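Contents: one structure, followed by commentary.
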Amino acid sequence: FHASKYQKINPNKIKCFGAAQFEIYKTKPKISKNAFLEINNIPPNSKIILYAGGSLGTNEFNHLKILENEVKQGNSQNTFI
C-alpha cells in the first residue's frame with residue numbers, strides 16, 4: 001500500500017512477502033473481551049499476560065515457567081497467563 005500510494009510504484013512491480021503477524025490487528029475480534037473471560041473462567045478484573053513468544057534462539061518455555069512461578073508464589077495477584 002505504501003509503495004503504491006506514496007512512492008507511486010506500479011502495482012504490477014510490487015511483491016508482497018514476509019511475515020504478516022500484525023495483519024490480525026486490522027480485523028475486529030470475533031468475541032468480546034467479556035465473552036473471552038467467561039469462556040476461559042477468568043474473573044472480569046483480572047490481569048492477563050499474553051506471551052507472544054520471542055525470536056529465534058529464545059527459550060520461550062523458560063520464560064513461561066518464570067511467569068508461572070511468579071504467579072504461583074503470589075507475586076502477581078489475580079493474574080492469568
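Small disclaimer: the values here were computed from a predicted structure and weren't measured.
Nearest heavy-atom pair across Pro43 and Asn78 is CG-OD1, 4.4 Å. Between Ala3 and Ile14, the shortest heavy-atom distance links the atoms CB-CD1, 3.9 Å. Nearest heavy atom pair, residue Gln77 against residue Lys47, reads O-CD, 4.3 Å. Shortest non-hydrogen contact noted between Asn10 and Asn12 is OD1-N, 2.8 Å.
In this structure, Gln73 CD and Glu68 CD are separated by 10.5 Å, a value rounded to the nearest 0.5 Å. Note that OG of Ser4 is 13.0 Å distant from NZ of Lys13, once rounded to the nearest 0.5 Å. To the nearest 0.5 Å, atom OG of residue Ser46 and atom CG of residue Asn41 are 11.0 Å apart. Put simply, CD1 on Ile31 and CG on Leu37 are 8.5 Å apart, with the number rounded to the nearest 0.5 Å.
Glu60 pairs by the side chain to side chain donor-acceptor pair (under 3.5 Å) definition with nothing, not counting sequence neighbours. The side chain to side chain donor-acceptor pair (under 3.5 Å) check on Thr79 picks up Ser76, with sequence neighbours excluded. With sequence neighbours left out, Tyr51 forms a side chain to side chain donor-acceptor pair (under 3.5 Å) with His63.
When each of Leu64, Thr58, Asn59 is checked for a side-chain contact (heavy atoms from CB on, under 4.5 Å) with Phe61, only Asn59 meets the rule.
Taking hydrophobic clusters as Ile, Leu, Val, Met, Phe, Trp and Tyr residues chained together by side-chain heavy-atom distances below 4.5 Å, Ile48 does not share a cluster with Leu67.
Phe80 has its side chain out of reach of Val71: every pair of non-hydrogen atoms, C-beta onward, lies at least 4.5 Å apart.
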